[in-house]
Protein chains: 2
Amino acid sequence: MARAGLTAERLTQAAAELADEVGFENVTVSALARHFGVKDASLYSHIRNAHDLRVRLAVLALAEMADRVSDALAGRSGKDALVAFAQAYRSYAHEHPGRYAAAQMVLDPDTAALSAASKHAEMTRAILRGYDLWEPDQTDAVRLLHSTFHGYVSLERAGAFHSHPRGVEASWTRALDALDSLLRAWP
Amino acid sequence: MARAGLTAERLTQAAAELADEVGFENVTVSALARHFGVKDASLYSHIRNAHDLRVRLAVLALAEMADRVSDALAGRSGKDALVAFAQAYRSYAHEHPGRYAAAQMVLDPDTAALSAASKHAEMTRAILRGYDLWEPDQTDAVRLLHSTFHGYVSLERAGAFHSHPRGVEASWTRALDALDSLLRAWP
DNA sequence: ATGATTTGCCTAGGACCTCTAGGTAAGCCT
DNA sequence: AGGCTTACCTAGAGGTCCTAGGCAAATCAT
């Protein structure tokens with residue numbers, strides 16, 4: 001009997017691919033075991049339980065997003081940075097719907113602190129260096145940007161914008177224009 | 001043996017209460033059957049399956065939200081309407097977290113069309129009558145507002161804002177100010 | 001190389017959820 | 001009171017989650 005060579009990392013990676021294929025809610029211990037050709041019980045020496053698996057997946061997704069956004073942001077500032085951030089964020093969500101859904105999990109504070117979630121807020125803050133904003137306006141703006149990006153992507157995926165013919169892409173571009181002008185003239 | 005007097009409506013209502021208590025993902029056919037003191041199988045003459053139950057719950061939540069927002073909007077315009085809409089939306093999400101989560105379900109196009117989801121976009125559009133916006137800017141603005149409201153509430157519930165001491169309430173108020181000024185000077 | 005230890009995957013099995021098929025009895029109608 | 005509809009039942013199959021305990025493969029010590 002050859003061993004499958006399972007590790008928590010390989011399981012998490014496979015779970016991420018599975019999530020993008022069949023949706024985050026269908027990432028189950030059983031499905032993952034089937035994928036590796038082993039029995040369900042075999043996974044429990046690598047992961048604590050199903051929730052643990054999903055948390056690991058969420059942490060992976062958060063790290064990947066942070067990397068992408070970080071790359072996109074390099075060497076840019078002002079509106080250039082804003083648009084680059086937004087595109088990187090949205091394209092990740094489109095390419096990896098399952099991982100993106102995982103990244104929205106409610107993590108307990110300890111896990112969240114260790115994850116790349118904090119890096120995210122930090123990078124949003126970096127965008128604002130190109131604008132004339134200082135605390136506490138900066139924090140308010142970070143929250144507004146994050147909310148809008150997440151909200152847009154999540155409504156888009158839920159099909160909330162299909163009822164109207166206006167192109168989703170066009171509205172997105174206009175939203176970024178609007179946010180840019182808002183940041184330049186913060187009330 | 002007295003009958004429990006189940007109907008699809010009573011089941012949906014109970015499911016809504018259950019969702020707010022234990023979370024949308026824990027609304028199961030079994031839990032609902034336990035609540036009424038009947039066997040699981042008894043529910044299947046009223047609902048088609050577990051997914052059907054959740055869809056009914058989502059439709060209920062969408063209708064409730066539409067009612068609330070509609071009430072809040074009555075007789076207001078401009079920033080007054082914007083703030084009223086936003087407060088109604090956010091307070092519903094806070095008071096009924098389980099139903100709000102249900103309302104985010106991806107509904108198939110037919111169900112979505114029949115539900116109050118369309119009424120939602122229509123009302124957002126009503127806000128904009130107080131501002132000087134016309135198509136296609138109006139649609140873009142509707143999408144931006146909806147995204148921001150949903151994004152803020154959903155990140156707030158996920159605990160994304162806890163990492164920073166700045167009050168979540170203060171940022172929300174500032175976000176509404178910002179959106180108002182954005183709508184008044186749409187680029 | 002051989003024996004000892006660790007560790008990866010196994011079987012067995014319990015608890016819970018979903019859903020179908022078919023049966024019994026409660027309530028309504030005439 | 002008899003008949004019809006329908007609300008709820010029992011029985012049971014199949015899936016997911018997870019624990020306990022066992023065997024064997026890989027790794028390490030001698």
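Proteins come first, then strands; the chains are lettered A, B, ... in the order of their sequence lines, and each starts at number 1.
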Q) Taking NZ, NE, NH1 and NH2 as the nitrogens, is one of them in A/R90 or A/E169 under 4.0 Å from a carboxylate oxygen of the other? A) yes

Once ring-ring contact (aromatic ring centres under 6.0 Å, His included) is applied, do any residues pair with [X], and if so which ones, sequence neighbours excluded?
| X | result |
| --- | --- |
| B/Y89 | B/Y100, B/H120 |
| B/F24 | none |
| A/F161 | A/Y152 |

For residues 34-45 of chain B, run the donor-acceptor check on the side chains, cut-off 3.5 Å, and write out each pair with its distance to 0.1 Å, sequence neighbours left out.
unit_1	atom_1	unit_2	atom_2	d
B/D40	OD2	B/S30	OG	3.0
B/S42	OG	B/K39	O	3.2
B/S45	OG	B/S42	O	3.1

Q | Strand-adjacent residues in residues 19-35 of chain B, judged by heavy atoms under 4.0 Å from DNA chain C | A | B/T28, B/V29, B/S30, B/R34

Q. What are the residues of residues 40-57 of chain A, sorted by number, that bring a heavy atom to within less than 4.0 Å of DNA chain C?
A. A/A41, A/S42, A/H46

(Q) Without decimals, in angstroms, what is the distance between B/K39 NZ and C/dC19 C1'? (A) 16 Å

Q: Nearest whole angstrom, please: distance from the C1' of C/dG8 to the CG of A/L6.
A: 8 Å

Using residues 75-87 of chain B as the side-chain source, report each donor-acceptor pair under 3.5 Å to any protein atom, sequence neighbours left out, with the distance given to one decimal.
unit_1	atom_1	unit_2	atom_2	d
B/R76	NE	B/A72	O	2.9
B/K79	NZ	B/D177	OD1	2.6
B/Q87	OE1	B/W172	NE1	3.3

Q | ring-ring contact (aromatic ring centres under 6.0 Å, His included) contacts touching residues 47-69 of chain B (sequence neighbours left out) | A | none

Q. What pairs meet the side-chain hydrogen bond (donor to acceptor under 3.5 Å, both in side chains) rule with one or both residues in residues 63-74 of chain B, with sequence neighbours excluded?
A. B/E64-B/Y92, B/E64-B/R99, B/R68-B/S91, B/R68-B/E95

